[in-house]
Amino acid sequence: MEMLNQEVLIIGGGIAGMQAAIDIGASGRKVVIAEKEKTLGGHVKDYTCLFPDLSNGTALVAQKVAKVEAFPNITVQLETEVSDLERVNGGFKASLTKNSASETQNFGAVVIAGGYGNFDGTKYGEYGYGRYPGVITGIEFEQNMGEILKRPVKTAVFIKCVGARDRSKGMPYCSKVCCMYTAKQAKELKNAHPDASVYVTYMDIRANFKNGEEFVRGVMEEERVRYIRGRVGKIFPANGCLTVRMEDTLKGVPQEIEADLIVLATAMVPVNSTNNLVMKVGGKVDDNGFITSLPLAESTNPMEVAKGVYYAGACGFPCDVRESLNQGSAAAAGVLSYLQVNGRP
Amino acid sequence: MTMGQTAISSMQTEVERKANVNLDTCMQCGCCTGGCSGIEAMDFSPRQIIQLIKMDEWAVLLNSRTIWMCVSCHICEDRCPARIKISSVMDALRAIAYSQPTAEPNKQIHFHNLFLGQVKTFGRTHEGLLMMSYSLKAKTPLPPMRLIIDYLRRLRVDMKPPHMLGKAYRFTIKKAQEGGKDHGA
């Protein structure tokens with residue numbers, strides 16, 4: 001029997017992919033990271049502040065990149081996309097495409113860490129994203145935080161569940177992290193403008209992270225951010241600012257808030273670029289477009305998508321940075337035990 | 001107050017059947033109220049109406065102004081994240097209220113009857129006649145004199161005698177009444 005190739009392909013150089021590469025690279029096996037952007041780090045490199053401990057995402061990415069680069073056996077292929085993936089002799093043959101030149105390479109195992117996309121705020125016409133400059137998305141808040149915190153803000157409204165828990169938009173799932181990042185952004189805004197009124201409109205608060213509940217309660221109790229239960233019906237310009245119309249469902253009456261900054265907490269959506277690769281190697285994608293692992297009772301590793309294929313990070317379901325790192329490590333453990341067991345003749 | 005509440009109220013079963021919706025998908029988010037164009041005239045918001053249906057509050061629902069004040073603009077329906085057809089729910093409630101034998105006919109029901117009666121007779125409404133007959137029927141006073149003068153001067157109310165129907169229209173109405181079911185649902 002032929003020796004199984006011991007090289008590992010990691011699709012996506014975000015935080016989960018890098019963690020998997022570091023853990024696999026430490027075993028001395030060759031690892032190739034295929035990243036389609038110009039730099040490693042995915043979305044997290046834009047996040048200057050992570051909940052709930054307010055640590056710096058950019059610094060975290062820099063530390064992981066330094067570790068990846070320190071391993072001589074990890075090759076990083078930037079601006080490279082995996083255009084094809086198929087099973088060959090128990091291993092995998094991948095076509096790596098860079099600048100429309102493609103080369104094929106054989107691998108023993110694959111980790112898919114394709115990451116996520118951000119919900120397009122313009123799909124909610126009634127919120128006027130893209131038409132009113134005062135309406136921004138949470139991701140834009142995160143990326144241009146310095147500039148936005150300098151704006152003169154008297155009243156700000158954070159709108160949660162934009163593109164989540166909405167069947168009519170085809171997004172029935174809860175995006176899970178929005179409650180936390182909204183609370184964090186509200187806290188930052190309140191710290192920058194202590195006199196501003198900051199409102200958060202919510203349907204339910206889902207702070208199921210370590211210290212998450214305490215964090216959100218702290219934002220309410222210490223920062224005095226006002227939480228209003230209800231989903232916003234519409235936003236329209238009036239008197240030189242934007243009016244948010246909604247029902248305060250606990251009071252049971254319609255309410256209007258005049259605000260000059262409105263932040264839409266947009267959901268994490270699946271990217272479909274890796275889905276055809278997953279299906280080609282026998283993996284499954286759920287109805288929402290996220291990668292599904294094998295049923296727990298049939299798999300040897302929770303991150304196993306198919307034999308020799310693992311996933312990590314938000315391509316499986318929305319998750320926070322810590323969970324992405326956990327999944328990266330778990331996928332690495334799966335790959336290592338798979339190669340250890342199947343790699344010998 | 002404790003009461004023997006079944007998992008699905010009888011009101012809910014009836015409304016769901018008439019409107020072809022599943023009210024248990026409602027998350028009580030209030031998005032419907034936020035966009036509602038008639039909310040100022042309502043006593044309960046559409047969100048509360050759904051909860052009242054679920055809790056089997058017949059008396060409250062059938063006497064509420066909301067079901068008559070809904071103008072069926074469908075904004076709530078368009079935005080509802082649970083895809084509940086709220087306008088159809090309101091239609092179903094109006095049909096139930098109308099067909100309740102015990103229900104005291106209220107002003108809204110009088111208005112609906114007069115309006116439809118005029119459409120059936122004349123093929124269109126006649127504002128002057130409708131206003132007068134409504135005032136008599138519902139025992140509400142006529143609009144103040146200053147408004148009546150204004151209506152007349154600016155030709156807001158048609159003073160010509162009612163429009164007379166063509167043969168084809170009378171035939172259509174007759175057919176509709178013969179095969180017609182209860183309106184609304």
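Remember, it's a predicted structure, so these values are computed and weren't measured experimentally. As a basis for the values below, the full set of heavy atoms in this structure was taken, side chains included, without hydrogen atoms, waters or symmetry mates. Numbered from 1 within each chain, the chains take letters A, B, ... in sequence-line order.
Only the backbone of A:Met246 comes within less than 4.5 Å of a heavy atom in chain B; its side chain stays farther off. Only the backbone of B:Cys36 comes within contact range of chain A, judged by heavy atoms closer than 4.5 Å. Proximity to chain A is absent for every atom of B:Cys76, based on heavy atoms less than 4.5 angstrom apart. Within the 4.5 angstrom heavy-atom criterion, only side-chain atoms of B:Gln48, from C-beta onward, approach chain A.
In this structure, CD on A:Glu247 lies 6.5 Å from CD1 on B:Ile39, to the nearest 0.5 angstrom. Between the CG atom of A:Asp166 and the SG atom of B:Cys31 there is a distance of 7.5 Å, given to the nearest 0.5 Å.
In the displayed structure, A:Arg151 atom CZ is contacted under 6.0 Å by more than 12 heavy atoms of other residues, nucleotides or ligands. Within 6.0 Å of CG in A:Asp287 there are 12 or fewer heavy atoms belonging to other residues, nucleotides or ligands. Within 6.0 Å of atom CZ in A:Arg224, 12 or fewer heavy atoms from other residues, nucleotides or ligands are found, so the atom counts as exposed in its surroundings. Within 6.0 Å of CZ in B:Phe171 there are 12 or fewer heavy atoms belonging to other residues, nucleotides or ligands.
Side-chain atoms of A:Arg229 come within 3.5 Å of backbone atoms of B:Gln28 as a donor-acceptor pair (strictly under, hydrogens ignored).
Between B:Glu40 and A:Arg245, at least one side-chain N (NZ, or NE/NH1/NH2) sits under 4.0 Å from a carboxylate O, which counts as a salt bridge.
Scanning both residues, A:Ser168 and B:Asp78, for their nearest heavy atoms gives OG-O, 4.5 Å. In terms of heavy atoms, B:Thr25 sits closest to A:Arg167 at CG2-NH1, 3.6 Å.
Side-chain contact check for A:Arg231 versus B:Arg79: every heavy-atom pair is 4.5 Å or farther apart.
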